[in-house]
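Here is the structure we will look at, set down as structure tokens.
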Protein chains: 2
Amino acid sequence: MERKTTLKELAKILNVSISTVSKALNDSSEINPDTKARVKEVALANNYVPNELAQSLKGKKTKTLGVIIPEVLSQFFAKSLHGIETMASSLGYKIIICISNESVQKETESLNILVNTNVDGIIMSLARETQATESYDHFKKVFDYGIPIVLFDRVSDTLVCDKITVNDREITHKAAMELHNSGCKNIIYLSTIYDTSVDKQRQIGYTSAMKELRSKPEILHIKDYTYFEENLLKVLKKSNVDGIVAADELSAISAMKTALNHGYRIPEDLSVIGFTNGVLGENFIPSLTTVEQYAEEQGRTAVELIIGRIQKTIAAEPVHRIIKTSILHRNSTRQSLALQK
Amino acid sequence: MERKTTLKELAKILNVSISTVSKALNDSSEINPDTKARVKEVALANNYVPNELAQSLKGKKTKTLGVIIPEVLSQFFAKSLHGIETMASSLGYKIIICISNESVQKETESLNILVNTNVDGIIMSLARETQATESYDHFKKVFDYGIPIVLFDRVSDTLVCDKITVNDREITHKAAMELHNSGCKNIIYLSTIYDTSVDKQRQIGYTSAMKELRSKPEILHIKDYTYFEENLLKVLKKSNVDGIVAADELSAISAMKTALNHGYRIPEDLSVIGFTNGVLGENFIPSLTTVEQYAEEQGRTAVELIIGRIQKTIAAEPVHRIIKTSILHRNSTRQSLALQK
DNA sequence: CTGAAAGCGCTTACAG
DNA sequence: CTGAAAGCGCTTACAG
């Protein structure tokens with residue numbers, strides 16, 4: 001049960017003042033090179049490591065980033081977290097992680113904890129409830145104290161700060177068009193991530209494609225997986241659906257499962273395009289054609305942005321970085337008719 | 001860009017000393033109830049929150065837990081992390097998360113960061129490389145400083161500390177016996193999590209079952225998913241395999257995928273039992289019969305243990321908590337023959 | 001080039 | 001019941 005060595009102890013051993021030790025270790029130009037060398041040697045021999053609490057108390061920087069995500073069990077957020085952790089630790093920052101569980105209350109608590117804990121910046125993706133109810137009062141403190149914040153994936157116009165999203169509208173439009181070009185006549189939009197900003201954007205992209213194709217858009221939101229099969233089947237039959245654009249990975253897989261269990265062949269009778277490149281879609285049979293969202297890259301970019309903001313190396317006005325996604329073609333869709341010839 | 005209110009400022013407003021303010025806010029019995037009330041009122045009105053850095057610098061407690069996991073993309077670790085976060089935040093602790101990426105070096109860095117950051121305790125699961133090379137020197141500092149540590153899932157006898165594991169041997173034994181009882185003749189053990197303590201335990205359980213059945217054990221370790229299909233098929237054919245006990249979720253699913261792609265029917269021709277109750281196994285067709293490891297519970301228990309250790313509310317000798325698992329029967333296995341009658 | 005002093009924002013033994 | 005003082009472990013303007 002050793003205690004950590006302090007500057008005071010080193011000073012005593014070296015017979016110099018605490019100030020000298022501190023300056024020597026910080027490579028101050030004020031200090032004689034020989035003294036520096038001696039100090040450093042003794043510090044090393046005594047396993048000296050500065051007490052970060054004390055340093056932070058003076059310097060006001062904690063080299064800590066707060067991260068709030070709605071959940072960690074979906075591949076998208078797990079991957080973003082991985083990207084955040086990798087980049088942060090490579091740049092010498094620690095991360096405190098909070099999971100909001102889609103709830104405003106937990107998000108509020110998390111924000112308070114992060115503020116009180118003196119994080120240098122916050123990276124987050126909004127809870128569904130926050131987006132559904134448009135509650136943003138709990139951000140007041142963060143803005144009052146001028147703590148930089150970057151939002152990724154689930155963002156809001158109400159919050160003026162740096163943001164990272166993907167080109168949701170275009171890619172969803174493209175996904176719907178691809179289904180059409182591969183021969184699908186009745187394409188629906190399926191989502192279980194209702195009430196989120198990304199869901200809205202993807203809906204818009206889908207709807208605009210339907211408009212272009214002069215087809216009636218059909219949007220199916222399923223809020224509870226308990227009734228997933230039942231709800232989906234009803235629509236599949238009623239509208240003779242042969243194409244699905246699903247707003248997330250799990251709903252895409254669940255749709256395929258339901259369809260296969262009821263005699264549909266995929267992609268012949270029903271084609272599906274989902275979102276997120278995760279193990280689920282990769283390993284399902286048939287494997288899922290999906291929108292690669294570059295989750296890890298989003299995480300890494302978020303860290304770069306927030307650190308740029310903390311160190312004031314980027315321009316004052318808020319940045320909105322839009323990451324270009326692409327469609328990863330696998331086996332849940334057919335080739336486009338044009339290509340088949 | 002407000003600054004946070006300090007005790008000094010409150011003291012000035014109230015015309016009392018800093019000590020009085022501090023004691024009043026901490027509900028010290030020394031202070032006059034009326035004074036307390038006045039102080040609290042003003043504190044509230046000024047949005048006072050104590051500076052945790054200063055408090056920690058005095059009190060030596062940071063109310064922060066360090067967590068190191070080998071990866072976050074597997075459901076098992078994502079679920080444990082979720083359990084850890086939930087329990088920790090409900091008990092007023094923050095968590096700093098580090099991902100070792102299975103590497104000793106990253107694990108060492110993470111440990112150093114957590115020590116330097118003055119976490120009150122550490123919860124971790126060892127990196128594969130750490131277990132493979134039996135490198136434990138990087139733990140010296142943690143033990144020297146007496147920072148409590150609890151290991152879960154991937155543990156080591158070399159490290160004397162609290163541990164949480166599951167009954168790996170028994171349950172793997174049981175899994176193999178169940179396959180046998182359902183009619184499987186040639187049961188192999190498949191694993192991609194080679195070199196880990198859990199893999200070893202599960203192997204032992206499997207081997208003991210084979211011994212009991214007077215069958216020759218066959219253990220297949222695949223270290224690289226690139227050659228998964230090739231390696232597995234060779235063994236499936238050579239040994240006429242009709243049962244697989246897989247040490248983790250992904251290898252179980254990959255095995256089913258390979259088998260299905262090569263004409264095997266599951267569970268008729270080949271039965272599979274995996275580990276971890278995750279979305280992958282739940283959604284695959286057929287759904288995976290698997291060992292429920294109660295990952296979230298492991299996470300929650302880890303938090304309880306470490307906090308008990310920090311607050312010294314548990315006995316001095318190291319605790320080893322063994323969580324009883326169970327087999328979740330789904331569609332990748334047949335009923336036992338006994339039950340079929 | 002070195003050191004004494006003040007201060008970051010708290011807590012707590014000690015005096016009164 | 002209230003307050004002055006010391007101290008947690010640092011950094012940094014200021015003196016010498």
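Between dG9(D) and T6(A), no contact under 4.0 Å exists linking OP1 or OP2 to a side-chain N or O. Side-chain N/O atoms of S17(A) include one lying less than 4.0 angstrom from OP1 or OP2 on dG3(C). Taking 4.0 angstrom as the limit, Y48(A) places a side-chain polar atom (N or O) nearer than this to OP1 or OP2 of dC10(D). Contact between the side-chain N/O atoms of K8(B) and the OP1/OP2 oxygens of dC8(C) is found at a separation under 4.0 Å. Residue S22(A) has a polar side-chain atom (N or O) positioned under 4.0 Å from OP1 or OP2 of dT11(D). Here S19(A) does not reach the OP1 or OP2 of dG3(C): none of its side-chain N or O atoms lies under 4.0 Å away.
When the P atom of dT11(D) is taken as reference, atom CG of L57(B) falls 12 Å away, rounded to whole Å. Computed from coordinates, the L10(B) CG to dT2(D) P distance equals 16 Å when rounded to whole Å. If you take CG of L14(B) and C1' of dG3(D), they are 14 Å apart, rounded to a whole angstrom. Atom C1' of nucleotide dG9(C) and atom CD of E52(B) are separated by 13 Å, given to the nearest angstrom. At whole-Å resolution of the value, NZ in K12(A) and C1' in dG3(C) are 18 Å apart. Atom pair I31(B):CD1 and dT11(C):P shows a separation of 12 Å (rounding to whole Å applied). Separating the CG atom of D34(B) from the C1' atom of dT2(D) is a distance of 14 Å, rounded to the nearest angstrom. I18(A) places its CD1 atom 9 Å from the P atom of dA4(C), with the value rounded to the nearest Å.
Looking at heavy-atom distances under 4.0 Å, Q55(A) makes contact with sugar-phosphate atoms alone, never a base. T35(B) comes within 4.0 angstrom of the backbone, heavy atoms only, and of no base. Within 4.0 Å of S28(A), counting heavy atoms only, lies no atom of the nucleic acid at all.
Pair check for dA4(C) finds none; no Watson-Crick or G-U wobble contact set falls under 3.5 Å. dA13(D) is unpaired under the Watson-Crick or G-U wobble criterion, no partner having all donor-acceptor distances under 3.5 Å.
For L7(A), the side-chain atoms get nearest to dC10(D) when compared with the rest of dT11(C), dC10(D), dT2(C). Of the listed nucleotides (dC10(C), dG9(D), dA4(D)), dA4(D) has the atom at the smallest distance from the side chain of K23(B). Listed candidates were dC1(C), dT12(D), dG9(C). Nearest to the side chain of K58(B) is dG9(C).
With hydrogens and angles left out, the side-chain atoms of Q131(B) and S197(B) include a donor and acceptor closer than 3.5 Å.
At least one side-chain heavy atom of R154(B) sits under 4.5 Å from a side-chain heavy atom of R128(B).
In terms of position on DNA chain C, the residue among N51(B) and E30(B) whose nearest nucleotide sits closer to the 5' end is N51(B).
Taking a cutoff of 4.0 Å between a charged side-chain nitrogen and a carboxylate oxygen, K94(A) and D120(A) do not qualify as a salt bridge.
In this structure, the side chain of S110(A) does not engage the main chain of S100(A) through any donor-acceptor pair within 3.5 Å.
The aromatic rings of F152(A) and F76(A) lie tilted to each other, with the angle between the two planes from 30° to 60°.
In terms of the side chain to side chain contact (heavy atoms under 4.5 Å, CB included) criterion, residue partners of L73(A) (sequence neighbours excluded) are, by chain and number, E71(A), A78(B), K79(B), E296(B).
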